[in-house]
Undergrad: 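Pasting a structure here, questions to come.
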Amino acid sequence: MSPVSSFLWTYAVGVKVLLSQLLGRSFSLPVLPPQKAKVAIVTGGAKGIGYETAKHLSRLGMHVIIAGNHENQGKLSVSRIVKETGNDKVEFMFLELASMHSIRQFVQNFKAKNLLLHVLVNNAAVMLVPQRNTVDGFEEHFGVNYLGHFLLTHLLLDTLKHSGSHDHNARIVTLSSATHYIGELNFNDLQSRRHYSPHGAYAQSKLALVLFSYELQQRLTAEGSYVTSNVVDPGVVNTDLYKHTSWLFKLCKWLTSWLFFKTAAQGASTVIYAAVSPDLEGVGGAYLGNGQKTKSADLSYDVDLQKKLWTQSCKLVGIPEWCQSDC
């Protein structure tokens, strides 16, 4: 897809979602059971959807770890959550998803705490950034949004498996976007070096997350693990992810967000539901939007594509042992 086509299709999808949000009924969280003695990691949990997710999980009694790359902001968010929820088991841990070394260091530091892990929320993301690479040479959308969470999930999977049980599966909740419907995977140019489009690169990363989540669930099911993997589309939410958009878009957003956009709390509602609701106990491989299972892009159900992306991802992040045992 050309950069112009990606641009036009992205905003067409956005308008469709905005109209749906305006005309439809917003999902309201039901009363959820206490989650005392359970542990959650929320990437990008210092602001936006991640913050609202972390706060609600804390209110339910969970030990919540906010994983992010801005320490001051992270610690401030921890203080606010502790004050608002009365739960002092909230902490910040540094994680830079643009660095494979940082991801490995984060997991090492987490495992040194000897904690279980019942919920992993893969939330952090970049959107529409100019063409640039991570420290490992990956295109930033693909590297941060997808490969960073791919590696993080792999490194935490043993702890998740150990923490899950027949009655209470551990859960992996990965955030995607409606833009995945227009996403394409070009295996000859996954890093978008030939014809870069920020809209196309973002959509590709979100499609990759859906494919990964489905393939992961198939593998977890095949080995009988008490871990589930689901994808959430939070909708179009009023967060600061739009800082790389044009001034005209920012002006329109400023004027109309109160009407068309979800609040961060509304955007987090389905994420929280996927993370702890009894309705989804033992349920995996689902794409959830507005509190309901819905159909993702036709391409995302391509089993061969899921496996091909998995194998390529293993190679890119340098974990051949995952490929040898699972690919």
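Along the sequence shown, residues carry numbers from 1.
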Undergrad: To check you understand the geometry: which heavy-atom pair defines the closest contact between H168 and K38, and what is its length?
TA: ND1-NZ, 3.8 Å
Undergrad: Should we count CZ of R193 as having more than 12 external heavy atoms under 6.0 Å?
TA: yes
Undergrad: Honestly curious: do Y301 and I182 fall in one hydrophobic cluster under the side-chain, below-4.5 Å linking rule?
TA: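 Unlinked, Y301 and I182 end up in two clusters.
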Undergrad: Have a look at Y214 and tell me which of S296, S229, S300 forms a side-chain hydrogen bond (donor to acceptor under 3.5 Å, both in side chains) with it.
TA: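 The side-chain hydrogen bond (donor to acceptor under 3.5 Å, both in side chains) with Y214 is passed solely by S296 among S296, S229, S300.
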Undergrad: Given the rule that I, L, V, M, F, W and Y join up when any side-chain heavy atoms are under 4.5 Å apart, are V119 and V232 in one cluster?
TA: yes
Undergrad: Please check: side-chain N/O of N290 versus main-chain N/O of S26, any donor-acceptor pairing under 3.5 Å?
TA: no
Undergrad: Check for a donor-acceptor pair, side chain of T311 on one end and backbone N or O of K307 on the other, with a separation under 3.5 Å.
TA: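 Yes, because the side chain of T311 sits within donor-acceptor range (under 3.5 Å) of the backbone of K307.
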Undergrad: Quick one: does any side-chain atom of D233 pair with a main-chain N or O of G289 as donor and acceptor, under 3.5 Å?
TA: no
Undergrad: Is there side-chain contact between I66 and I81, with heavy atoms separated by less than 4.5 Å?
TA: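 When only atoms from C-beta onward are counted, I81 and I66 do touch, with a gap below 4.5 Å.
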Undergrad: Nearest heavy-atom pair of G48 and T239: which atoms, and what distance?
TA: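 Scanning both residues completely, I find the closest heavy atoms to be CA-CG2, 4.3 Å.
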Undergrad: How about L185 and K308: do any of their side-chain heavy atoms sit closer than 4.5 Å?
TA: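 Of all side-chain heavy-atom pairs linking K308 with L185, none is under 4.5 Å.
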Undergrad: Once rounded to the nearest 0.5 Å, what's the spacing between atom CG of L175 and atom CG of N230?
TA: 11.5 Å
Undergrad: Does atom NZ of K16 have more than 12 heavy-atom neighbours, drawn from other residues, nucleotides or ligands, at distances under 6.0 Å?
TA: no
Undergrad: For a 4.5 angstrom cut-off between non-hydrogen side-chain atoms, does L309 reach F187?
TA: yes
Undergrad: Just verifying a value: how many Å separate M62 CE and I41 CD1, rounded to the nearest 0.5 Å?
TA: 10.5 Å
Undergrad: Above 12 or not: heavy atoms from other molecules or residues under 6.0 Å from NZ of K295?
TA: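 Buried by this count: over 12 neighbours within 6.0 Å.
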Undergrad: What's the spacing between R59 CZ and Q35 CD if we round to 0.5 Å?
TA: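 It is 14.0 Å, given to the nearest 0.5 Å.
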Undergrad: Ignoring hydrogens and geometry beyond distance, is a side-chain donor-acceptor pair present between T53 and N123 at under 3.5 Å?
TA: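 On atom types as modelled, these side chains do not qualify, holding no pair under 3.5 Å.
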Undergrad: Between atom CZ of F92 and atom NE2 of H70, what is the distance when rounded to the nearest 0.5 Å?
TA: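 Spacing of CZ (F92) from NE2 (H70) equals 9.0 Å.
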Undergrad: Say whether, by atom type as modelled, one donor and one acceptor occur between the side chain of K206 and the main chain of G183 under 3.5 angstrom.
TA: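 Side chain of K206 to backbone of G183, a donor-acceptor pair under 3.5 Å: no, none is there.
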Undergrad: Is the shortest side-chain heavy-atom distance between H63 and K113 below 4.5 Å?
TA: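 No, every pair of side-chain atoms sits at 4.5 Å or beyond.
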Undergrad: Starting from F261, can I reach Y202 by hopping between I/L/V/M/F/W/Y residues whose side chains sit under 4.5 Å apart?
TA: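 Same cluster.
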Undergrad: Which heavy atom in G74 sits nearest to a heavy atom in A46, and how many Å separate them?
TA: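 For G74 and A46, the tightest heavy-atom pair comes out as CA-CB, 3.9 Å.
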Undergrad: Has H162 got a side-chain atom pairing as donor or acceptor with L116's backbone, closer than 3.5 angstrom?
TA: no
Undergrad: Quick one: do T85 and K55 satisfy side-chain contact (heavy atoms from CB on, under 4.5 Å)? Show the steps, please.
TA: CA-CA 7 Å; T85 67; K55 182 170 70 173; 4.0 Å; yes
Undergrad: Whether the S225 and E223 side chains hold a donor-acceptor pair (N or O, under 3.5 Å, no angle test) is what I'd like checked.
TA: yes
Undergrad: Can you name the nearest heavy-atom pair linking E139 to S192, along with the distance?
TA: CG-CB, 4.3 Å
Undergrad: Is Q266 close to V237 at the side-chain level, that is, under 4.5 Å between some pair of heavy atoms?
TA: no
Undergrad: Do I272 and V276 touch side chain to side chain, with heavy atoms closer than 4.5 Å?
TA: yes
Undergrad: Please work out whether the ring planes of F106 and F110 are parallel, tilted or perpendicular, with thresholds of 30° and 60°.
TA: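 Parallel.
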Undergrad: Pick one: which of V135, L152, L151 meets side-chain contact (heavy atoms from CB on, under 4.5 Å) with M100?
TA: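 Testing M100 for a side-chain contact (heavy atoms from CB on, under 4.5 Å) against V135, L152, L151 leaves exactly one candidate, L151.
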Undergrad: In Å and rounded to the nearest 0.5 Å, what is the OG to OH distance from S28 to Y273?
TA: 12.5 Å
Undergrad: Side chains of I103 and F150: does their closest heavy-atom pair fall under 4.5 Å?
TA: no
Undergrad: Specify the closest pair of heavy atoms between T43 and A124, including all atoms of both residues, with the distance to one decimal.
TA: OG1-N, 2.9 Å
Undergrad: Run the side-chain contact (heavy atoms from CB on, under 4.5 Å) test on N69 and F94 for me, step by step, so that the C-alpha distance in whole Å, both residues' side-chain angles and the decisive distance to 0.1 Å come before the verdict.
TA: CA-CA 6 Å; N69 59 0; F94 184 84; 4.0 Å; yes
Undergrad: Just checking E84: does its CD atom have more than 12 heavy atoms from other residues, nucleotides or ligands closer to it than 6.0 angstrom?
TA: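 Atom CD in E84 is packed in, count exceeds 12.
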Undergrad: Would you say the side chain of Q312 lies within less than 4.5 Å of the side chain of L190, judging by non-hydrogen atoms?
TA: yes
Undergrad: Is there a side-chain contact (heavy atoms from CB on, under 4.5 Å) between H180 and L209 once you walk through the steps?
TA: CA-CA 9 Å; H180 92 275; L209 285 166; over 6 Å; no
Undergrad: With distance as the sole criterion, is a donor-acceptor pair present between the side chains of Q217 and S213 under 3.5 Å?
TA: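 Short answer, no.
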Undergrad: Which atom names give the shortest non-hydrogen contact between F142 and A208, and what distance separates them?
TA: CE1-CB, 4.2 Å
Undergrad: Answer with yes or no whether the hydrophobic clustering places L316 together with W310; edges join I, L, V, M, F, W, Y residues whose side-chain heavy atoms lie under 4.5 Å apart.
TA: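 L316 and W310: one cluster.
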Undergrad: Out of curiosity, does Y146 fall in the hydrophobic cluster containing I172 (side-chain heavy atoms, cut-off under 4.5 Å, transitive links)?
TA: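 Yes, because I172 and Y146 connect within a single hydrophobic cluster, where side-chain heavy atoms sit under 4.5 Å apart.
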Undergrad: Begin with the C-alpha distance, continue with both residues' side-chain angles, and end with the deciding distance and a verdict on side-chain contact (heavy atoms from CB on, under 4.5 Å) for L115 and L117.
TA: CA-CA 7 Å; L115 294 171; L117 179 59; over 6 Å; no
Undergrad: Which distance, rounded to the nearest 0.5 Å, do you find between the CD of E52 and the NZ of K47?
TA: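 That separation rounds to 14.0 Å.
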Undergrad: Are the side chain of E215 and the backbone N or O of V303 linked by a donor-acceptor pair below 3.5 Å?
TA: no
